[in-house]
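All figures in this text were calculated on a predicted structure; none of them were measured in a lab.
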Amino acid sequence: MELMIVTGMSGAGKSQATNALEDIGYYCVDNMPPTLMLPFLQLCRQSTQPLDKVALVTDVRSGLLFEEFLQVLPTLEANVEHCHILFLDCHNETLSRRFKETRRQHPLAEDGRPIEQALQLERQMLSPLFEMADYRIDTTHLNTAQLKSRLADLFMTQPDTAMTVQILSFGFKYGYPAEADLMLDMRCLPNPYYVEELRHQTGMDSQVQEYVMRNPDAVKYLEHIKALLSHTIPLYQKEGRTQLVVAIGCTGGKHRSVTMVNQLAAELEQLTNLRVLTYHRDLGRE
């Protein structure tokens, strides 16, 4: 049996994530108290049609019961073939706006506690799971369709690779991607935005790619990134990591970072035992 534990910040999209996981074959249960997880898995095994892919959602809605999850986790891992933790995150400002727009109350916003304090408390409670998570997705800039696409890319197939490397382009002016394990800055390279004929193109266009990569500093930068990853990826694998998120940023996330992501992905795909996925977070922004 494969067990996916779905957790994360309230309002970060766990409901949409479970819907997407159901579409790709997971049996999902929302708001599962940790103490009931093992008995539930045992029932799944005893069923006349045993389930091979189960996703259980647990978060601070369980109240004090949620604190028991870390105690239960080793037993869960010992009773399934694969156990992964998926953590959905989001910037506090976006979460606060979502709660105000939907008029929902945050589960920790009791006794008149302001939403900002509730979010801070929730982050403190979830910090151990954030650190332990096998997969982290920042939904701040994702709509439902984009989140579904990310999950499908990660979990629809079961590749025979030891690690998935996600390479993400982004614009610094739109905020940092919370899921990044490594973050690199391309703003030190010449910006195609200031070249009139390239301004409205992107790093997906050959003219922009040629402009960026004909700079010797860009080529040398790419070589240094490849050397860094060639050294660190085996170290992450030795620690049992199944996913590594490399975020590459420039000012707007359209030219330099997109070019470098595509160049780096092409190089990494030649390495064995790696599954490489690329995402361009801010490419569609005006």
Candidate pair Asp282 and Lys173, rule salt bridge (Lys or Arg N to Asp or Glu O under 4.0 Å), full reasoning: CA-CA 10 Å; Asp282 300 320; Lys173 71 178 183 179; over 6 Å; no
Residues in side-chain contact (heavy atoms from CB on, under 4.5 Å) contact with Glu77, at least two apart in sequence or another chain: Leu73, Cys83
Lys14/Asp30 under salt bridge (Lys or Arg N to Asp or Glu O under 4.0 Å): CA gap, chis, key distance, verdict: CA-CA 9 Å; Lys14 294 188 293 294; Asp30 189 21; over 6 Å; no
Pair His141, Arg285: side-chain N/O donor-acceptor within cut-off below 3.5 Å: yes
Side-chain donor-acceptor contact under 3.5 Å, Tyr279 with Asp153: yes
Positive for side chain to side chain donor-acceptor pair (under 3.5 Å) with Ser169, one of His255, Lys254, Arg256, His280: His280
Result of checking Val258, Leu264, Thr259 against Asn262 for side-chain contact (heavy atoms from CB on, under 4.5 Å): Val258
For the student: nearest non-hydrogen atoms of Pro234 and Leu229, plus distance: CD-O, 4.0 Å
side-chain contact (heavy atoms from CB on, under 4.5 Å) between Val261 and Leu168, worked out: CA-CA 7 Å; Val261 163; Leu168 167 72; over 6 Å; no
Aromatic plane relationship, Phe155 with Tyr26 - under 30° parallel, 30 to 60° tilted, over 60° perpendicular: perpendicular
Same apolar cluster: Val57 and Val80, side chain cutoff 4.5 Å: no
Atom OH of Tyr176: over 12 foreign heavy atoms under 6.0 Å: no
Donor-acceptor list for residues 124-134 side chains, cut-off 3.5 Å, not counting sequence neighbours:
| unit_1 | atom_1 | unit_2 | atom_2 | d |
| --- | --- | --- | --- | --- |
| Ser127 | OG | Gln124 | O | 2.9 |
| Asp134 | OD2 | Ile85 | N | 2.8 |

Under 3.5 Å: donor-acceptor pair, side chain of His91, backbone of Glu93: no
Main-chain N/O of Gly203 paired with Gln209 side-chain donor or acceptor, under 3.5 Å: yes
Note: Lys226-Glu267 ion pair, threshold 4.0 Å (strictly below): yes
Intermediate values then yes/no, side chain to side chain donor-acceptor pair (under 3.5 Å), Gln201 and Gln207: CA-CA 8 Å; Gln201 298 186 40; Gln207 288 181 299; 2.8 Å; yes
Stacked cation flag Arg281 on Phe170, 6.0 angstrom / 45 deg: no
Ile5 and Thr58, any side-chain heavy atoms less than 4.5 Å apart: yes
Contact check, side chains of Thr232 and Gln237, non-hydrogen atoms, under 4.5 Å: no
CD-CG distance between Glu116 and Asn92, expressed to the nearest 0.5 angstrom: 8.5 Å
Rounded distance [0.5 Å steps], OG1 in Thr251 versus CE in Met186: 12.0 Å
